[in-house]
Asks: 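Dropping the structure in here first, questions after.
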Amino acid sequence: MRLKDVIVGAAMTAAGAAYLRMAQLLPEKDGVDAATVPTFLAWLMILLGLIELAGALRRAPDDAARAPTGGVLTVALTLALIAGYVAALRPLGFPIATALYLFVQFLVLTPRSIRPPVPLYAGLAVAAAAVIFATFRYGFDLLLPSGPLVAWLN
Amino acid sequence: MFDLLLQGFAAVLSPQILVLMIAGVAVGIVFGAVPGLTAVMAIALCLPMTYGLGPAAGISLLIALFVGATSGGLISAILLKIPGTPSSIATTFDGGPMMEKGEGAKALGVGIVFSFIGTIASIAALAFIAPSLAQVALSFGPHEYFAIAVFSLTLIATLSSGSMAKGIFAGVLGFAVSTVGIAPVDATTRFTLGQVELNAGFSILTVLVGMFAVAEIIKVAETARSVAPGEGVAPIVTIKGFGFSMAEFLGQIPNAIRSSLIGIGIGILPGIGAGTSNIIAYIAAKKRSKTPEEFGKGTIEGVVASETANNAGIGSAMIPLLTLGIPGDAVTAIMLGGLMIHGIQPGPMLFLTQAPLVYTIFAALIVSACLMLVLEFWGLRIFIRLLAIPKHILLPVILVLCAVGAFGLASRVFDIWTILAFGVLGFAFVKAGIPTAPFIIGFILGPMAETSFRRGLQLSRGDVTGFLTNPISGVFLALAVLSIAWQLYGEYRVSRLPASANPLKLGGEE
C-alpha cells in the first residue's frame with residue numbers, strides 16, 4: 001500500500017461524491033436536463049478514483065521517495081502572504097499592498113545560504129509596485145485600487 | 001489569399017505593432033529560456049497590456065510571445081542543460097554535450113536557425129490546411145462537434161504523462177469545473193454557491209493563470225530556500241556568423257524536413273504538442289542517422305531534430321485552434337482566451353467573417369519567426385544575463401502581474417481570489433502526480449461537448465444513436481474508443497516490462 005497514492009485516490013473519489021451530491025440538488029426536469037452531464041461526470045470521477053485507490057492499495061510501499069518537508073513552511077507562508085495581499089488590495093490600495101507583499105515575499109523566498117539585503121529588497125519592492133501601478137493605471141487605463149492614496153493618484 | 005496576406009503584413013508592420021512584437025518576442029524568449037517560467041506565464045502577464053489595444057495589435061503581441069517562448073527554451077537547454085520548457089527536452093540530449101565539448105556557439109546557431117525553419121514550415125502548413133479545414137468544418141453540426149470534443153478529450157487525457165486514470169480524471173474534473181454557472185439550453189443556474197460572480201462561470205484566463213502561473217510560483221517556493229548561490233548561472237557564449245558551415249546546413253535538410261513533418265503532424269493533434277514531438281523527432285533522427293552512435297554525445301543532428309520539431313508545433317497547433325476553436329495545449333488555450341478577450345471567437349466562421357484578421361495572424365507568425373531569428377542571434381548576450389536574475393525576485397513580481405491581469409478582466413478582486421484557488425489546485429495536481437493539461441482542455445471543451453450533446457439530442461428528438469449513425473461523429477467517437485483501448489494495451493504492456501526497460505514517457509503537458 002502506498003499512503004500518498006491512497007490519499008490521492010480517496011481525494012479523487014471524494015471530489016466525485018461531493019460533485020454528485022451537488023448535482024442531485026439541481027432542479028429536476030423530464031429527459032436530459034442541467035443535471036444529466038454533471039451526474040455522468042460525477043460517477044466517472046468516482047469510478048476513476050476507485051480505480052486509483054484499488055491500484056494504490058495493491059502497490060508495494062515506496063520507501064525511497066520521501067518528499068523533503070523543509071519547503072512546506074515556505075509554501076504555507078507564501079500562500080498566506082498571497083491571500084493577505086489579495087485581501088489587502090481594496091483597503092490598502094494596489095501600490096501599498098503590492099510593495100508590502102513583494103518585500104515580505106522576497107524575504108520568505110530568499111535562499112538560506114544568502115543574507116537577505118533588506119534595504120535593496122525594500123527599494124525593489126517600492127520601485128516594482130510604483131512602476132507596475134503607473135504602467136497599468138496611466139499607460140493602459142486599468143483602474144487598479146488606489147486605497148488611501150486615491151486623492152494623490154487619480 | 002495573397003491580397004489578404006499582404007493586408008495582414010501591412011497591419012503587422014505598422015510601427016506601433018512592430019515595436020510591440022519586438023518586445024513580445026524578447027519577453028517570450030526570456031520566459032522560454034528561464035527554467036520555471038513558461039509561455040503561459042509570458043502570455044498571462046502581458047494580457048492586461050493588450051486589453052486597451054486593438055485586436056490586430058493585441059493578437060500580434062500574443063503571437064510574438066508564443067513564438068519567442070517556444071524557441072527560447074533552447075538557450076537554457078544548451079547552456080545549462082536544463083530545458084526551459086518541455087518542448088526543448090530533447091535539445092539537452094545533444095546540446096548539453098556540444099556545450100561541454102566547446103561547441104556551444106555551434107549548437108546555439110544550429111538550434112536558432114532550425115527553430116526558424118521549423119516555424120516557417122508550420123506556418124506554411126497552417127496557411128494551406130486551415131482554410132480548407134475551415135471550409136469542411138462549416139458543415140459541422142452539434143453531433144460532429146460533440147464527437148470531436150470527446151475525441152480531443154480522450155486523446156489528451158490518455159496521452160499526457162502519468163497514469164491513464166489520473167489523466168482522464170483531470171479531464172473530467174476540468175469538464176466538471178466548466179459546468180459552474182448557467183447551464184446551456186435550459187439556463188438553470190448550477191454550482192454557484194449563491195455567488196453572483198459565478199453566474200457566468202469561471203473565466204478561462206483565471207483558470208489558466210492559476211493552474212499554470214500561480215501553481216508554478218508555489219512550486220518554486222517549495223525549493224527556493226534550498227537553492228545554492230550561483231546555481232543556474234549560464235556561461236557567456238558569442239556566435240560568429242551562424243556558427244556552422246553551409247555543408248553542415250545542407251546535410252541537415254532531410255533531417256529538418258522529417259522533423260518538421262513530425263512536429264506538424266503531432267502539433268495538429270490536441271494535447272500532444274511540442275512537449276512530445278521533440279522527443280519523437282529525436283528518436284526518428286537517431287534511427288535514420290548514418291551515425292546513431294554519435295547521438296547523446298553532441299551531434300548537431302539531435303539539436304536539429306528537436307528544435308525543428310518543437311517549433312513546427314507553433315503553426316500546426318493553431319490549425320485546430322483557429323478552425324474548430326479547439327486548443328491543443330495550455331499555450332494555445334491561453335491564446336484562445338486572449339483571442340476571445342478581443343471579441344474573436346475561433347471556429348470555421350472566423351475565416352468567413354474576419355478573414356483579414358486570420359491573415360493578420362499568419363503575418364504576425366511569420367514576422368515573429370523572423371524577429372526571433374534576429375533577436376536570438378544578436379541579443380543572446382542579454383538573454384544569457386537575464387538567466388541570472390534570481391527566482392526569489394522574479395516570481396513575486398510575476399505573481400503581482402498575474403493578479404493585475406486577473407483584476408483587469410472585470411475589475412473584480414474576486415478574480416484574483418480565483419487565480420489563487422486554482423493555483424492551489426494546480427499545486428495539488430503536481431503533488432498528486434495528476435497532469436494539468438487535460439484539466440485545461442476538459443475545462444475548455446466541456447461546454448462545447450455539453451452544449452453540442454444537448455442540441456444534438458434536440459435535433460434527433462432524444463435519440464442518442466444519432467451520434468453514432470452520423471458518419472463524421474461516428475468516426476470520431478470510434479477513434480476516441482480506440483485511443484483509450486490503445487493506451488490500456490500500452491499500460492498493460494509496460495506493466496509486464498521491468499522498470500528499467502520503461503521507454504521515454506510522453507510529455508504532453510505545457
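In the text below, chain A, chain B and the rest are named by the order of the sequence lines, each starting its count at 1.
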Asks: Heavy-atom distances under 4.5 Å only: say whether B:Phe175 touches chain A with side chain, backbone, both or neither.
Replies: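 It is both, since atoms from each part get that close.
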Asks: Give, as side chain, backbone, both or neither, the part of B:Val220 having an atom under 4.5 angstrom from any heavy atom of chain A.
Replies: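 Contact with chain A: none, neither part.
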Asks: Please determine if B:Lys391 and B:Glu216 form a salt bridge, counting it only when a charged side-chain N lies under 4.0 Å from a carboxylate O.
Replies: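 Looking at B:Lys391 and B:Glu216, the cut-off is not met.
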Asks: Hey, are A:Thr110 and A:Tyr121 close enough side-chain-wise for a donor-acceptor pair under 3.5 Å?
Replies: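 Looking only at side-chain atoms, A:Thr110 and A:Tyr121 do form a donor-acceptor pair, the distance falling under 3.5 Å.
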Asks: Look only at the side chain of B:Lys166 and the backbone of B:Ala432, and say whether a donor-acceptor pair between them is shorter than 3.5 Å.
Replies: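 A pair under 3.5 Å: yes.
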Asks: With respect to chain B, which residue among A:Ala76, A:Ala128, A:Pro38 yields the maximal number of heavy-atom pairs within a distance under 4.5 Å?
Replies: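 Counting heavy-atom pairs under 4.5 Å, the top option is A:Pro38.
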Asks: Who among A:Ala23, A:Pro27, A:Gly55, A:Ala42 has the most heavy-atom pairs with chain B under 4.5 Å?
Replies: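 So the answer, after comparing A:Ala23, A:Pro27, A:Gly55, A:Ala42, is A:Ala23.
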Asks: Will you find, in the side chains of A:Tyr19 and B:Thr179, an N or O donor that is under 3.5 Å from an N or O acceptor?
Replies: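 Result is yes, a qualifying pair exists.
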Asks: Tell me, for A:Leu25 versus chain B, whether the close heavy atoms (under 4.5 Å) come from the side chain, the backbone, both or neither.
Replies: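 The answer is neither part of A:Leu25.
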Asks: Counting only non-hydrogen atoms closer than 4.5 Å, does A:Ala11 touch chain B with its backbone (N, CA, C, O), its side chain (CB onward), both, or neither?
Replies: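 For A:Ala11, neither part sits under 4.5 Å from chain B.
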Asks: Could you check which of A:Val8, A:Leu41, A:Asp5 has the highest count of heavy-atom pairs closer than 4.5 Å to chain B?
Replies: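 Greatest number of close heavy-atom pairs with chain B: A:Leu41.
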Asks: Among A:Ile132, A:Leu109, A:Leu102, A:Ile51, single out the residue with the greatest number of heavy-atom pairs under 4.5 Å to chain B.
Replies: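 Most pairs with chain B among the choices: A:Leu109.
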Asks: Name the member of A:Ala35, A:Pro145, A:Ala34 that forms the most heavy-atom pairs with chain B at distances under 4.5 Å.
Replies: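 Most heavy-atom pairs within the cutoff with chain B belong to A:Ala34.
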Asks: Do you know which of B:Thr188, B:Val404, B:Ile416 has the most heavy-atom pairs under 4.5 Å to chain A?
Replies: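 So the answer, after comparing B:Thr188, B:Val404, B:Ile416, is B:Val404.
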Asks: Who passes side chain to side chain contact (heavy atoms under 4.5 Å, CB included) against A:Ala88, sequence neighbours left out?
Replies: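 Result, side chain to side chain contact (heavy atoms under 4.5 Å, CB included) vs A:Ala88: A:Leu92, A:Ala97.
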Asks: Tell me, side chain or backbone of A:Phe106 under 4.5 Å from chain B's heavy atoms, or both, or neither?
Replies: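 Both backbone and side chain.
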Asks: Could you label the plane-to-plane angle of the B:Phe422 and B:Phe439 rings as parallel, tilted or perpendicular, counting under 30° as parallel and over 60° as perpendicular?
Replies: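 It falls in the tilted class, 30° to 60°.
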Asks: When heavy-atom pairs shorter than 4.5 Å are enumerated against chain B, which of A:Ala87, A:Ala129, A:Gly16, A:Ala125 gives the highest number?
Replies: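 Highest number of heavy-atom pairs under 4.5 Å: A:Ala87.
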Asks: Please walk me through it: do B:His342 and B:Thr50 pass side-chain hydrogen bond (donor to acceptor under 3.5 Å, both in side chains)?
Replies: CA-CA 9 Å; B:His342 290 282; B:Thr50 74; 3.2 Å; yes
Asks: Go through B:Val214, B:Ile168, B:Val400 and name the one with the most non-hydrogen pairs under 4.5 angstrom from chain A.
Replies: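 Answer, by heavy-atom pair count under 4.5 Å with chain A: B:Val400.
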Asks: When heavy-atom pairs shorter than 4.5 Å are enumerated against chain A, which of B:Thr223, B:Val172, B:Thr189, B:Leu401 gives the highest number?
Replies: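 It is B:Val172.
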Asks: Please look at A:Thr78 and chain B and tell me whether the side chain, the backbone, both or neither of the residue comes under 4.5 angstrom of a heavy atom of that chain.
Replies: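 Side chain only.
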Asks: With sequence neighbours excluded, tell me which residues meet salt bridge (charged side-chain N to carboxylate O under 4.0 Å, His left out) with B:Arg454.
Replies: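 Result, salt bridge (charged side-chain N to carboxylate O under 4.0 Å, His left out) vs B:Arg454: B:Asp186.
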Asks: With respect to chain A, which residue among B:Phe427, B:Phe453, B:Phe191 yields the maximal number of heavy-atom pairs within a distance under 4.5 Å?
Replies: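 Counting heavy-atom pairs under 4.5 Å, the top option is B:Phe191.
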Asks: Is it true that, when you exclude B:Phe414 itself, more than 12 heavy atoms of the residues, nucleotides or ligands shown sit nearer than 6.0 Å to its CZ?
Replies: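 Counting neighbours around CZ of B:Phe414, more than 12 heavy atoms of other residues, nucleotides or ligands fall under 6.0 Å, so yes.
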Asks: For B:Ala183, which atoms come within 4.5 Å of any heavy atom of chain A: side chain, backbone, both, or neither?
Replies: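 For B:Ala183, side-chain heavy atoms alone lie under 4.5 Å from chain A.
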Asks: Counting heavy-atom pairs under 4.5 Å with chain A, which one of B:Leu399, B:Ile218, B:Leu53 comes out on top?
Replies: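 Ranked by contacts with chain A, first place is B:Leu399.
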Asks: State whether the side chain of B:Thr451 and the backbone N or O of B:Met448 hold a donor-acceptor pair below 3.5 Å, judged by distance alone.
Replies: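 No.
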Asks: Side chains of B:Leu173 and B:Phe443: does their closest heavy-atom pair fall under 4.5 Å?
Replies: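 No, too far: nothing below the 4.5 Å cut-off.
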Asks: With chain A as the partner, which of B:Ala403, B:Gly423, B:Gly446, B:Ala165 has the greatest number of non-hydrogen pairs under 4.5 Å?
Replies: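 Of B:Ala403, B:Gly423, B:Gly446, B:Ala165, B:Ala165 has the most heavy-atom pairs under 4.5 Å with chain A.
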Asks: Does a salt bridge link B:Glu450 with B:Arg190, judged by any charged N lying under 4.0 Å from a carboxylate O?
Replies: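 Judged by the 4.0 Å cut-off on N to carboxylate O distance, B:Glu450 and B:Arg190 do form a salt bridge.
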